[in-house]
Amino acid sequence: MWVLHAPQPFQPPAASSSPQLSCVARSHTKPPLCSITLNPAIATAKDGANNNRLIQSLCKQGNLKQALHLLSREPNPTQHTYETLILSCIRHESLSHGLDVHRHLVHGGLDQDPFLATKLINMYSELDSIDNARKVFDRTRKRTIYVWNALFRALTLVGQGLEVLSLYRRMNELGVPSDRFTYTYVLKACVASECLNSLLWKGKEIHAHILKHGYEAHVHVMTTLVDMYAMLGCVAYAASVFDGMPTRNVVSWSAMIACYVRNERPFEALELFREMLNKTNDLSPNSVTMVSVLQACASLAALEQGKLIHGCILRRGLDSILPVFSTLVTMYARCGKLELGQRVFDQMENRDVVSWNSLISGYGIHGYGKKAIQIFKEMIYHGVSPSHISFISVLGACSHAGLVAEGKMLFDSMVKEHRIYPRMEHYACMVDLLGRANQLDEAAKVIEDMRIEPGAEVWGALLGSCRIHCNVELAEKASKRLFELEPRNAGNYVLLADIYAEAQMWDEVKRIKKLLEAPKLQKVPGCSWIEVRRKMYSFTSVDEFNVRSEQLHALLLKLSTEMKERGYVPQTKIVLYDLDEKEKERILLGHSEKLAVAFGLINTKSGETIRISKNLRLCEDCHSVTKFISKFANREILVRDLNRFHHFHDGVCSCGDYW
DNA sequence: CTAGGGTTAG
């Protein structure tokens, strides 16, 4: 066995502004500490036991300052006294007093007590002072599992997963056995790390340790394992761990449901929820479960399902919980029922910034930019400070509505008025806003002037705008960077090919299509959903119609002929295959969205609104066809694409052909 | 003395 680097003697700093321990002030305001003049009777008390009791009771009363004063006169503070003091510092969020207590501990020689070292690490972790937590750990000679775990927890919380894993390795080499808590922390560390990928192998290794040490039936550990795989995108692994659990509780079920939602498999999320209700009698879903289930409904635009869940939430009395409320607002907005979202919002007794953000983004995706800005201002008026997500929401709303000047002003106000520094997403919003409005040079300038290294999001936004306005030159520049940053994202290649096709540069189209054949590319197939009588039906685009889609094809063909007589021109230029016009038209008719619309026309009553959601941006041909259909079939058609809602009515779309 | 799932955006 080898020894860790020798603990250095701890030197208590002399002045209160400590050079040894880094004292970083917390951003939020601390509760005021009482400063009552010390009662001389207490100050001179000689009885140690009495003093200890007094210090503890002063802490309980929240009089930390006086407690510390008394501590300096007490030669023999007990472990319990120190514990009380440390907890009190956490409660008051007072790092400077925490440092004082620490200094006293060192002075009295009690800092080597592993129990108190654990408490100190927790304290520094709570007070956002990870460096001090680490120093305590380094100087503690007798490291119980509690001491290790406390540091693991602290490091995981600040995202230093790699450090946790390297310490975990050392711990194993030293022969210190892990316990159930250790496993939960190190599993979390595989997710909470500076490096985003490649920790899966480490997680699997820990998984093996867990099985080897007989924790395969431990609910907490196994649930954490499910969650780790979920966070790393390994749905199959998560499911197999979940399936193998001998006992499960609400948390395990919720973790697995959340796993499906997070990894864009909402159907499976809803299915598992149903299974949970049917298979388990003794446990019932709670607010956390409901949030995930609502998210699944939202992502599918499954309005009827969502309403059922809403009823379920009301019956179970989970409706006063803020996150549930916010998710309900989002669910209704994303299912195309903005007015119901607004109604839920109006009923909320208290609202936090997340509730406001839900509503703002709701108006945004429906194209009501001005309204979104108005709600943003209302939020501030109500004393709620915007978060960085508020800005993503409101800037996105400006973008959908083409409110360039307003968006610029809001962007400027971020730093000036709210001290929120733009992140990648904000820059992407601005590039999108300007680019969509055909101010491509300005959009490119935003990228040039960025204070951080431009990532895929901003280049992607620029390329998307080049697609709309057919700017080959800028598109080539953007895609060059984009291909370096995300070489496996097929969507980017398709965008560029679209642009070349629009510009009739067929050789270039061919060249890009060659690149698209690379097997490693991640292609997202176009997919649309429609809910009919509480059942979801999904459609993927087809190049050839088969027996099942025959009826839909016939209807679409008939509609197409009628529409052509009234001025519809198929946008065959977006078909990237080298085929004749007739063939291209056939391919256009096979787009998943048209299939879903046709299915909706056949399977819903004549006055009923057709609601469709799809996973990609709506193509121009589908957009134009849906406009026609809304007029000639006299139907309201609501389509949610990747970015926003299109509300088709009487031949017009709410996006104003700006999307 | 410590532990597991969820809220808003794109």
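Throughout, protein chains are lettered first and strands after them, A, B, ... in sequence-line order, and every chain is numbered starting at 1.
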What do the steps show when you test A:N357 against A:S387 for side chain to side chain donor-acceptor pair (under 3.5 Å), and what is the final call?
-> CA-CA 9 Å; A:N357 290 349; A:S387 66; 3.3 Å; yes

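- As judged by a 4.0 angstrom heavy-atom cut-off over every strand, A:S252 is placed among the base-contacting residues.
- Here A:H218 lies in heavy-atom contact (under 4.0 Å) with a base.
- Looking only at distances, a side-chain donor or acceptor of A:R143 sits under 3.5 Å from a matching main-chain atom of A:T140.
- With contacts defined as side-chain heavy-atom distances shorter than 4.5 Å, the pair A:V404/A:R436 does not qualify.
- Contact annotation: A:K188 side-chain N/O to B:dG5 OP1/OP2 distance is under 4.0 Å.
- Among B:dC1, B:dG6, B:dA3, the nucleotide with an atom closest to any side-chain atom of A:T118 is B:dC1.
- With distances taken from any side-chain atom of A:D179 to the nucleotides B:dT2, B:dG5, B:dG10, the minimum falls on B:dT2.
- Here A:S361 reaches the OP1 or OP2 of B:dA9: one of its side-chain N or O atoms lies under 4.0 Å away.
- The residue A:N249 sits close to a base: some heavy atom pair falls under 4.0 Å.
- When rounded to the nearest whole Å, the span between CD1 of A:I313 and C1' of B:dT7 equals 12 Å.
- Shown for residues 290-297 of chain A: residues whose heavy atoms fall under 4.0 angstrom of DNA chain B, namely A:V291, A:S292, A:Q295.
- Under the 6.0 Å cut-off for aromatic ring centres, A:Y168 and A:W148 do not qualify, their centroids lying 6.0 Å or more apart.
- If you check residues 262-270 of chain A against DNA chain B, the residues with a heavy atom closer than 4.0 Å are A:R262, listed by number.
- Contact of A:N286 with B:dG5 (side chain to base): a donor-acceptor pair of N or O atoms is detected under 3.5 Å.
- Closest to the side chain of A:V251, from the set B:dG4, B:dG6, B:dT8, is B:dG4.
- Side-chain contact between A:I145 and A:P177: absent, with no pair of heavy atoms (C-beta onward) separated by less than 4.5 Å.
- Comparing atom distances between the A:I321 side chain and each of B:dT8, B:dG5, B:dG6 picks out B:dG6 as nearest.
- Judged by centroid separation below 5.5 Å and plane tilt below 30°, A:F325 does not stack onto the base of B:dT7.
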Test A:E271 against A:R274 for salt bridge (charged side-chain N to carboxylate O under 4.0 Å, His left out), laying out the working first.
-> CA-CA 5 Å; A:E271 201 179 308; A:R274 214 162 295 137; over 6 Å; no

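- When atom types are taken as modelled, the side chain of A:N492 and the backbone of A:L495 share no donor-acceptor pair closer than 3.5 angstrom.
- Checking B:dA3, B:dG4, B:dG5 against every side-chain atom of A:Y185, the shortest atom distance belongs to B:dA3.
- Ring orientation note: the planes of A:H220 and A:H218 are tilted relative to one another, at an angle of 30° to 60°.
- The nearest whole Å value for the distance from the CZ atom in A:F645 to the P atom in B:dG10 is 13 Å.
- The cationic group of A:K337 does not satisfy the cation-pi geometry with A:Y332, failing either the under 6.0 Å distance to the six-membered ring centre or the 45° limit from the ring axis.
- The nucleotide whose nearest atom lies closest to any side-chain atom of A:F181 is, among B:dT2, B:dG5, B:dT7, B:dT2.
- For A:E425, taking side-chain heavy atoms from C-beta onward, the closest of the listed nucleotides B:dG5, B:dA9, B:dC1 is B:dA9.
- Heavy-atom contacts from other residues, nucleotides or ligands closer than 6.0 Å to CD of A:E378 number more than 12.
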